[in-house]
Each structure stands twice: as C-alpha cells, then as structure tokens.
Amino acid sequence: MNTALNNLIEAARLDADHVFSAPWEARAFAIALKLSEAGHFSWDEFRDRLIAEVGASDRIRARDGTSDCGEYYEHFLRALERLLAEKGIAPVP
C-alpha cells in the first residue's frame, strides 16, 4: 500500500466504541468517507454500490432461506472494495 493511502487511513480513524460493533467497521466507514471527501468518488456513487450489495444479499437470502446476521458492514466493505477497483484506486482482493 502506498504512503499516501496509509496516511489517509491513519487520518480516518474514528472512535469505534460509540457507533460500530468492531474497530474494522469504523475504519471501513472512515476510509470510505475520507476517500469521498477527497473527491475519489461521490457519496452517492458509494451509496448506490452499497444498495446493490445489500439487494443482492437479500435476494440470495430469500432464495436460500438464510437470515441476516449483522452483515451490514460486510456489505459496506464489499461495496467499497468494488468501487475502489472500478475507479482503479485499488484492486479487489
């Protein structure tokens, strides 16, 4: 990972004890927010990807009869990864 991206991640740290279930959720949110604020993508672009991720998961759950077990930030992270890959910022792992 390049130094500029590392600096951005460090600058994006949030207080995870008050809003998020786990520290990685806070970091994912902060990274998405900071990248959007820096002009790499609009928040609306990210929101559209997140809506698509959640919708796809809902369809799979309905088909398979499985339940949602607090997967919101997994969808959030997947949407962010896909948007970053689409924009050429970072490859999907």
Side-chain angles (χ1 to χ4, degrees):
M1 201 177 312
N2 69 37
T3 302
L5 186 53
N6 280 334
N7 291 341
L8 183 60
I9 291 168
E10 286 301 315
R13 303 265 183 224
L14 295 178
D15 181 3
D17 294 333
H18 296 109
V19 180
F20 303 95
S21 298
W24 74 266
E25 294 174 354
R27 288 191 296 273
F29 181 85
I31 291 167
L33 182 62
K34 292 295 184 178
L35 288 171
S36 177
E37 288 174 349
H40 295 284
F41 52 82
S42 73
W43 195 253
D44 287 342
E45 285 178 286
F46 174 72
R47 185 195 66 226
D48 291 344
R49 297 317 181 288
L50 180 55
I51 290 168
E53 283 294 328
V54 171
S57 178
D58 287 347
R59 287 188 295 279
I60 292 168
R61 242 190 317 283
R63 182 194 70 207
D64 296 345
T66 57
S67 64
D68 183 358
C69 298
E71 300 169 344
Y72 177 79
Y73 275 98
E74 290 176 22
H75 301 313
F76 189 99
L77 186 57
R78 215 170 10 258
L80 179 59
E81 289 171 343
R82 289 184 178 163
L83 183 57
L84 294 178
E86 180 182 306
K87 297 285 186 176
I89 297 168
V92 173

query = What's the shortest heavy-atom distance between Ala28 and Leu80, and which atoms?
reply = O-CD2, 3.8 Å
query = Does Glu37 have any side chain to side chain donor-acceptor pair (under 3.5 Å) partners at least two apart in sequence or in another chain, and if so, which?
reply = none
query = Phe41: what forms a ring pair (Phe, Tyr, Trp, His ring centres under 6.0 Å) with it, not counting sequence neighbours?
reply = none
message = Any heavy-atom pair between the side chains of Tyr72 and Leu50 that's under 4.5 Å?
response = yes
Interatomic distance, Ser36 atom OG to Leu83 atom CG [nearest 0.5 angstrom] = 9.0 Å
request  = Flag yes if Leu33 and Ile51 sit in one hydrophobic cluster, no otherwise; membership is Ile, Leu, Val, Met, Phe, Trp, Tyr, and two members link when side-chain heavy atoms are under 4.5 Å apart.
outcome  = no
task = Go through the steps for His40 and Lys34 under the test side chain to side chain contact (heavy atoms under 4.5 Å, CB included), then give the verdict.
result = CA-CA 9 Å; His40 295 284; Lys34 292 295 184 178; over 6 Å; no
Pair Tyr73 and Phe29, ring centroids less than 6.0 Å apart = no
Straight-line distance of Leu35 CG to Leu84 CG, nearest 0.5 Å = 6.0 Å
inquiry  = Just verifying a value: how many Å separate Leu77 CG and Glu53 CD, rounded to the nearest 0.5 Å?
reply    = 9.5 Å
query = Residues in side chain to side chain donor-acceptor pair (under 3.5 Å) with Arg49, at least two apart?
reply = Glu86
